[in-house]
K.L.:
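Right, I'll just put the structure down here and ask away after.
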2 protein chains.
Amino acid sequence: MRILVVEDEPQIASGISAALAASGYQPRIAADGEEAWFLGDTEDFDLVVLDLGLPKMDGLAVLKRWRTAGRQMPVLILTARGAWPERVEGIDAGADDYLAKPFQIEELMARVRALIRRAAGHASPVIESGPISIDTRQMRVLVNGTNVAISPLEYRLVAYLLHHKGRVVSPGELIEHLYGDDDARDANALEAVVTRLRKKLGADVIQTRRGFGYMVAGAPE
Amino acid sequence: MRILVVEDEPQIASGISAALAASGYQPRIAADGEEAWFLGDTEDFDLVVLDLGLPKMDGLAVLKRWRTAGRQMPVLILTARGAWPERVEGIDAGADDYLAKPFQIEELMARVRALIRRAAGHASPVIESGPISIDTRQMRVLVNGTNVAISPLEYRLVAYLLHHKGRVVSPGELIEHLYGDDDARDANALEAVVTRLRKKLGADVIQTRRGFGYMVAGAPE
DNA sequence: TTTCTGCTGACAAACCGCTGACAGCGGCCA
DNA sequence: TGGCCGCTGTCAGCGGTTTGTCAGCAGAAA
């Protein structure tokens, strides 16, 4: 199992690297964005641990370039604490998980194991429910197999509901995940997005559970 | 579902509280150890979220006093990151789970749900009694396997009775759990809800124990 | 019987979610 | 630079639903 550790702080990088090695993985360190991009594009890794604040090229940019180039290895993002916009962007850009700094090395290892296990299984980048499906890598939404133009905010909303399909998601939870908690939004904004989405996806994809929240049908992921 | 949030940092406390409320729980905040101890000892909570570093009385001391007094509600401890010894002590003192700060609110909610389910003795999100069953993920109620339209308040009522099936629940307890203690409601409001529920679920699901309260049959688990 | 407790149907107010319109904002292109 | 266009939050109004209240009733308890 080869793991690429992208981290410019040498101490942290070697700490992570040592822990990975101790668990039997083969870690490889990249200290800046360009090196990371080059390694990730030319070599084969089972997982990438990616810090966002990097010299030469930002972590998110690296990730996006990998994804547009078709690289599909799971990516675990390290973010500064409270940097919500970064996280949301990271997920949009195709990250599979994120972890806030500072973190326990044990926790990092647990997530690494989880991601690798998931990737080994059938972690498809496509999630479906009834007539609609989303491709989380390409950030596309298909209705009955045909592509539908969708805005970023709308995409995040469907994606979140699909990731949690079969469960009622409260408006508060949705707002927090769409915007981050720093910015207080009217619940009506959410309703407006839902209305617009329903016009594009069909009226019955997103169900309303009055008094509880929204739900997309399907067996939980 | 009433949840006691013990946290002296007002921002964090209100953040947790808001998230809990958004998920349909009734949170109550205690800002120091003494208040926490008093509330936990005199009132009935389904769960306690307990920060350890508190003014006036330490969180662990509070927990120990509750346990020696025979209080058995599940307790989720919040610890500073890296404070491993505290965690171990917490578990020895009778905590059911712990979460390291800083944490994702989403992760806290997941653990809260898990603890409440576990406390009620259900591994699965479905609770049954006779012909009826509820799906706590979808907020649905089935009678003989077919879905029945149900209002939020009605759902909360059945859910509570089912979580405590086999036990007589007093009107006072029910009102407290449905509305929270800030808002005083007529007992008749409760009876009205029960009437409406019986029409939907069948007359004999919710039994009346005259002078004591209501009950749903079933093994207490 | 009398009294008390709980049940029930009717009703109106409050609430909740939906939607169309509009405006501000930012990106893009000529 | 100026204008156009798409995205998104806000607003106001609309239904339908939910729910507390009330008044009367039924059955159990005493």
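In the text below, chain A, chain B and the rest are named by the order of the sequence lines, each starting its count at 1.
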K.L.:
Could you state the atom-to-atom distance from CD of B/Glu191 to P of C/dG6 in whole Å?
P.N.:
7 Å
K.L.:
Grab the CG-C1' distance between B/Leu153 and C/dC16 for me, whole Å please.
P.N.:
14 Å
K.L.:
In whole angstrom, give the distance that lies between atom CG of B/Asn188 and atom P of C/dC11.
P.N.:
17 Å
K.L.:
Any donor-acceptor pair under 3.5 Å linking the side-chain atoms of B/Arg198 with those of B/Thr208?
P.N.:
yes
K.L.:
For the residue pair A/Gly166 and A/Met215, what are the closest heavy atoms and their distance?
P.N.:
C-SD, 3.9 Å
K.L.:
Roughly how many Å is it from CD1 in B/Ile206 to C1' in C/dT8, rounded to a whole number?
P.N.:
15 Å
K.L.:
Just N and O in the side chain of B/Tyr155: are any of them under 4.0 Å from OP1 or OP2 of D/dT18?
P.N.:
no
K.L.:
Return yes if some donor-acceptor pair links the side-chain N/O of A/Glu7 with the main-chain N/O of A/Glu9 below 3.5 Å, else return no.
P.N.:
yes
K.L.:
Nearest whole angstrom, please: distance from the P of C/dC4 to the CZ of B/Phe212.
P.N.:
18 Å
K.L.:
Between C/dC18 and A/Arg198, is there an OP1 or OP2 to side-chain N/O distance shorter than 4.0 Å?
P.N.:
yes
K.L.:
Can you check the A/Gln207 CD to C/dG17 P distance for me, whole Å?
P.N.:
15 Å
K.L.:
Under a 4.0 Å N-O cut-off, is there an ion pair linking A/Glu128 with A/Lys165?
P.N.:
no
K.L.:
Expressed in angstrom and rounded to an integer, what is the separation of B/Leu190 atom CG from D/dT21 atom P?
P.N.:
12 Å
K.L.:
Does B/Tyr179 put a side-chain nitrogen or oxygen below 4.0 Å from OP1 or OP2 of D/dT19?
P.N.:
no
K.L.:
Round to a whole Å and report the spacing from CG of B/Leu157 to P of D/dG20.
P.N.:
11 Å
K.L.:
So that I can tick it off, tell me whether A/Lys200 and A/Glu154 are bridged by a salt bridge, with the cut-off set at under 4.0 angstrom between side-chain N and carboxylate O.
P.N.:
yes
K.L.:
Would you tell me if any nitrogen or oxygen in the side chain of A/Thr195 comes within less than 4.0 Å of OP1 or OP2 on C/dC18?
P.N.:
no
K.L.:
Check whether any side-chain N or O of A/Lys199 sits under 4.0 Å from OP1 or OP2 of C/dG20, and answer yes or no.
P.N.:
yes
K.L.:
Please tell me if B/Thr208 has a side-chain N or O lying less than 4.0 Å from either OP1 or OP2 of C/dT5.
P.N.:
no
K.L.:
Between A/Arg210 and B/Ser151, which is nearer to the 5' end of DNA chain D once each is assigned its nearest nucleotide?
P.N.:
A/Arg210
K.L.:
Whether the side chain of A/Arg196 and the base of D/dG6 hold a donor-acceptor pair under 3.5 Å is what I'd like checked.
P.N.:
no
